[in-house]
Amino acid sequence: LQPLYFTKEYMENTKTCVIILNQEKKIENVNPAFHDLLGYTSEEIIGKNMDLLSDRKRDVFYRKMWETVENVGLWEGEIWNRRKNGELFLEKRTIIKNNEQYIFLLEEVKSRSDKNKKEKRDREDHVTNLPSRSLFQDKFKEVLINATALKKKPAIVMINIDRFQEIDKTFGFTIGDPLLKEVTIRMMHHCDAEVITTRMVGGMFIMLLPDVKKETVISDLLENILEDFRKKPFFISKQEVFISLSMGISLFPADGEDEKELLRNADFARYRAMEIGENNFQFYTPNLNVQMFERLVLETQLRKAVEKNEFVLYFQPQIECKSDMIVGAEALIRWKHPEMGIVPPVQFISLAEETGLINSIGIWVIEEVCRHLNKWDEMGLPNLVIGLNLSSKQLQNPLFVGQIKEIVTRFHIDPSRIDLEITESMLMFEIDKAIEMLKELKRFGFRISIDDFGTGYSSLSYLAKLPIDTLKIDRSFIQNAEKNKENMTIVSIVMAMAHELNLEVIAEGVETEEQYSFLQRIACDYYQGYYYKPPVPTLEFETIFLKKN
Ligand code: C2E
Ligand code: CA
Ligand code: CA
């Protein structure tokens, strides 16, 4: 989350102990709560390695903790720690990796063994003072049993505080709990006494409206709540924050005849509301089920596809215009789905990105490209260069550079035979960090090219700053070039400029003889496209290559 939240003011006032480490895991800064909890002074601790503070630095547990921080960016758990005076205590620890820093949030876990309190907790959610889950369940059952006989129309609303997990993980319960309390108060303010609400886990609530005469009664109520949240901010560690809600509604008996079905369908609807955008609500409709189900099925299958090795690479030949020889190929992934057949990347790459599966798929692609290069070297195909598409998620993964270096080293591949294709839009966020990463890849020897060039928003001046070798002109410019004078001019100018900057140019999506001869005229370096060949499987690529070269 934003370092913004770790303002000086927050650090000074929070009861949560905050420790900030630099990249080398040396302590850079601590807050007053740190001194109270652990008993060290700043002098004793600033500049020291965090490991010195731990009894458990050799444990598997401790190693795993750091591994998770590195891989996921976040670790949360309970851990025994020792104060300066030697006293052991249980702490709730959250570690966040934030750019170049690690942020530790520590809170002591106090024993909670008060019997009276426990009983109360069984009937009441101790955080929000709402009825407990089991009380709610009893009431829900009762309402449903009587609904038909009494001609009542109960409805369920599933409510989730958007991004609550993030807030809770970052600040811990000292911030999360008061926030939940305030959200509850502000929601309930709009409900009449009949409405029963409980909290499930985290920032998720269920509301039961025992008798809804018209749908508009619900939509008016929820609209009022949303309006309230839209207009009035909450305060998190003295900062104004707007909190939003996603809500889903199911109605008895149309959307479900028992508790389970009503809850499930309200949750489907809530999920849909969340997808549409924050701060809104959705009524359940049967086709939601189908959409969610399809997505879920695809996600499950995609997960398995990685293990079951259901991916293949196709290769599209890249031709040098001058010599008319195949000098390389772009590797393009396909999913050999057991029922759907060959699935193109547009149908699964974004899902893979959302689910994080892109990292393991990306690694498979790199390894597969290396395997092919070795095979083709053995077959006597001369030094081909293979283009490999990267996803922005891979560039955001701090482990990526290390991983790709390790793979090419393991396969004994000269990295200059791999051309990493990135798009301009991948550079839009955290451009400095991305440039650093590209420079490191470049120093190691990889080739780097800008894919879909011309479709991004970037200024031309940044091109000179990037460590790139090639521009791949997007097919939209190529495909209209022979008819559209403007596009023709653009392509010619890009060509001249690229050559001025010592960059090579690949024209993509060349489909016709006219496009091809236009490119020849303006001295384009390479082209690929259906005019020569579409992407083809390995064997076919080998046959094509041997025939042509
Ligand atoms: P891209 O990198 O722009 O790839 C070029 C796309 O244009 C390919 O679609 C290719 O089949 C298609 N194409 C090639 N020649 C022509 C032509 O003459 N005319 C037309 N109309 N199209 C042509 P494909 O294979 O469906 O890939 C789509 C996109 O999926 C790629 O766009 C790339 O962004 C992504 N992708 C493919 N493989 C991978 C991968 O291994 N990893 C990642 N992260 N993304 C991939
Ligand atoms: Ca590409
Ligand atoms: Ca492209």
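Order of listing sets the numbers, starting from 1, for every ligand and every atom in it. Given the structure is predicted, the values throughout are model-derived calculations rather than measurements.
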Asn374 (side chain) donor-acceptor with Phe411 (main chain) under 3.5 angstrom: yes
Using the ring centroid of each side chain, check whether Phe315 and His372 are separated by less than 6.0 Å. yes
Short side-chain donor-acceptor distance under 3.5 Å, Gln301 and His337: yes
Stepwise ring pair (Phe, Tyr, Trp, His ring centres under 6.0 Å) check, Trp75 with Tyr102: CA-CA 11 Å; Trp75 184 88; Tyr102 300 93; over 10 Å; no
Kindly say whether Lys304 contributes a backbone atom to a donor-acceptor pair with the side chain of Glu307 at under 3.5 angstrom? no
For Arg417 and Leu384, indicate whether the former's side chain and the latter's backbone hold a donor-acceptor pair under 3.5 Å. yes
So which protein N/O/S atoms does the Ca ion (ligand 2) have within less than 3.0 Å? Glu330 OE2, Asn389 OD1, Glu421 OE1, Asp451 OD2
Ligand 1: which residues have a non-hydrogen atom closer than 4.0 Å? Gln316, Glu330, Leu332, Ile333, Arg334, Pro345, Ile349, Val365, Asn389, Leu390, Ser391, Asp451, Asp452, Arg475, Gln479, Glu508, Gly509, Val510, Glu511, Gly529, Tyr530, Pro535
Taking the six-membered ring of Trp66, is the NZ or CZ of Lys25 close enough (under 6.0 Å from the centre) and on axis enough (within 45°)? yes
Would you mind telling me which of Glu504, Gln318, Lys472 makes a side chain to side chain donor-acceptor pair (under 3.5 Å) with Tyr526? Glu504
Under a 4.0 Å threshold between the charged nitrogen and the carboxylate oxygen, would Lys322 count as salt-bridged to Asp525? no
